[in-house]
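The next block holds one structure in the form of C-alpha cells; read it before the comments.
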Amino acid sequence: AQKITQTQPGMFVQEKEAVTLDCTYDTSDPSYGLFWYKQPSSGEMIFLIYQGSYDQQNATEGRYSLNFQKARKSANLVISASQLGDSAMYFCAMRPLNRDDKIIFGKGTRLHILP
Amino acid sequence: NAGVTQTPKFQVLKTGQSMTLQCAQDMNHEYMSWYRQDPGMGLRLIHYSVGAGITDQGEVPNGYNVSRSTTEDFPLRLLSAAPSQTSVYFCASSYREGFTEAFFGQGTRLTVV
C-alpha cells in the first residue's frame with residue numbers, strides 16, 4: 001500500500017531563512033510521481049512542484065526545490081529565502097506513473113513565517 | 001478558463017438529510033477524485049475515477065456514493081448525512097498520466113447539525 005508521511009505538524013521560520021519540509025513515502029511501484037501543494041488560509045490548493053522517480057536531477061521551480069533521496073524514500077520541499085506569503089499548509093502527494101491509481105496525500109505541515 | 005468547478009461552496013444539512021456535491025471539469029481529464037479535509041488529518045480520499053463508467057473506493061468511502069456517467073462530471077452523494085461528515089470537501093481532476101498534477105476545485109464547506 002502507498003503511504004505518505006509528513007512528520008512536522010507545524011513549523012515556525014524567520015522571514016528570509018530557508019526552510020525544509022519533510023516528506024517520506026512508501027510504495028511498491030517501481031515508478032511514481034511526487035508532488036507538493038500549498039494551501040493558504042484562503043483554502044485553495046496550489047500546485048508547487050513535481051518530481052518523477054526516474055528523474056536524475058532534483059526538481060526546482062523558482063524558490064522551491066525538491067530534495068529527492070530515492071534510497072531513503074524522502075522528497076523534502078525546500079523553500080529558499082522564505083517570505084511572509086509562504087505561511088500556509090503544505091501537502092506532499094504521490095501517484096504511480098505506469099498504472100491507473102489514486103493520488104494520495106500526507107497530513108500536511110503548517111508553516112508560519114515570522115517577520 | 002473554468003477548470004474544476006465545485007458547487008455549492010457552503011452547505012448546512014440536518015442529520016439524515018441527503019445531498020449531492022457537484023464537480024465538473026472542462027479540461028477533458030480522465031482522472032477525478034473526491035477528498036475530505038479535516039484538521040490534523042490531511043486530505044483523505046473518498047472515491048476516485050479513472051474514466052467514465054469507472055469508479056473505485058478510497059480511504060474513507062462509507063456514507064458516500066459516486067458515479068461517473070460523463071468525463072466532465074463526478075458528483076458525490078451523501079446518502080444520510082451524519083455530524084461526522086462535517087468537513088471541507090475537495091474535488092480534483094487530472095490527466096491519466098501520473099506525471100501530471102491534479103487540479104482542485106475551490107472546496108465545499110459542509111456542516112451537518
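The sequence lines fix the lettering, A, B, ..., with proteins before strands; numbering per chain opens at 1.
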Exercise. Tyr37(A) and Phe104(B): ring-ring contact (aromatic ring centres under 6.0 Å, His included), yes or no, with the steps?
Worked result: CA-CA 10 Å; Tyr37(A) 286 82; Phe104(B) 281 80; 5.4 Å; yes
Exercise. Does the side chain to side chain contact (heavy atoms under 4.5 Å, CB included) test come out yes or no for Tyr48(B) and Asp101(A), once each step is laid out?
Worked result: CA-CA 9 Å; Tyr48(B) 67 103; Asp101(A) 207 345; 3.1 Å; yes
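Figure legend: cation-pi geometry between Arg95(A) and Tyr31(B), with NZ or CZ positioned under 6.0 Å from the six-membered ring centre and within 45° of its axis.
Residue-environment remark: NZ (Lys107(A)) stays at or below the threshold of 12 foreign heavy atoms within 6.0 Å. The environment of NZ in Lys70(A) is crowded: more than 12 heavy-atom neighbours from other residues, nucleotides or ligands sit within 6.0 Å. Other residues, nucleotides and ligands contribute at most 12 non-hydrogen atoms within 6.0 Å of the CD atom of Gln57(A).
Heavy atoms of Pro9(A) lying under 4.5 Å from chain B are absent altogether. Contact annotation for Leu43(B): both backbone and side-chain heavy atoms come within less than 4.5 Å of a heavy atom of chain A. Contacts of Thr100(B) with chain A are made by both backbone and side-chain atoms, with heavy-atom separations under 4.5 Å. Residue contact with chain A, scored on non-hydrogen atoms closer than 4.5 Å, is absent for Glu59(B).
Considering NZ of Lys102(A) and NE2 of His47(B), their distance stands at 12.5 Å, rounded to 0.5 Å.
Highest contact tally toward chain B, considering only Glu44(A), Gln39(A), Arg110(A), is held by Gln39(A) [criterion: heavy-atom pairs under 4.5 Å].
Leu84(A) and Met11(A) fall within a single hydrophobic cluster, where Ile, Leu, Val, Met, Phe, Trp and Tyr side chains are chained together by heavy-atom contacts under 4.5 Å. Tracing side-chain contacts under 4.5 Å through hydrophobic residues (I, L, V, M, F, W, Y), one never reaches Ile104(A) starting from Ile46(B); they form parts of separate clusters. The cluster map of Ile, Leu, Val, Met, Phe, Trp and Tyr, joined by side-chain heavy atoms under 4.5 Å apart, puts Leu21(A) and Met89(A) in different clusters. Cluster annotation: Val60(B) is connected to Leu13(B) through the hydrophobic network of ILVMFWY side chains, with a link wherever side-chain heavy atoms come within less than 4.5 Å. Linking ILVMFWY residues whenever their side-chain heavy atoms come closer than 4.5 Å, directly or via other members, places Leu111(A) and Tyr64(A) in the same cluster.
Looking only at side-chain heavy atoms (C-beta outward), Phe90(B) and Met45(A) come within less than 4.5 Å of each other. Residues Phe99(B) and Gln51(A) fail the side-chain proximity criterion, which asks for heavy atoms closer than 4.5 Å.
Not a single donor-acceptor pair under 3.5 Å links the side chain of Arg44(B) to the backbone N or O of Phe105(A).
When every heavy atom of Gln37(B) is checked against every heavy atom of Phe91(A), the shortest pair comes out as NE2-CZ, 3.4 Å. For the residue pair Leu45(B) and Ile103(A), the shortest heavy atom distance occurs at CD2-O, 4.4 Å.
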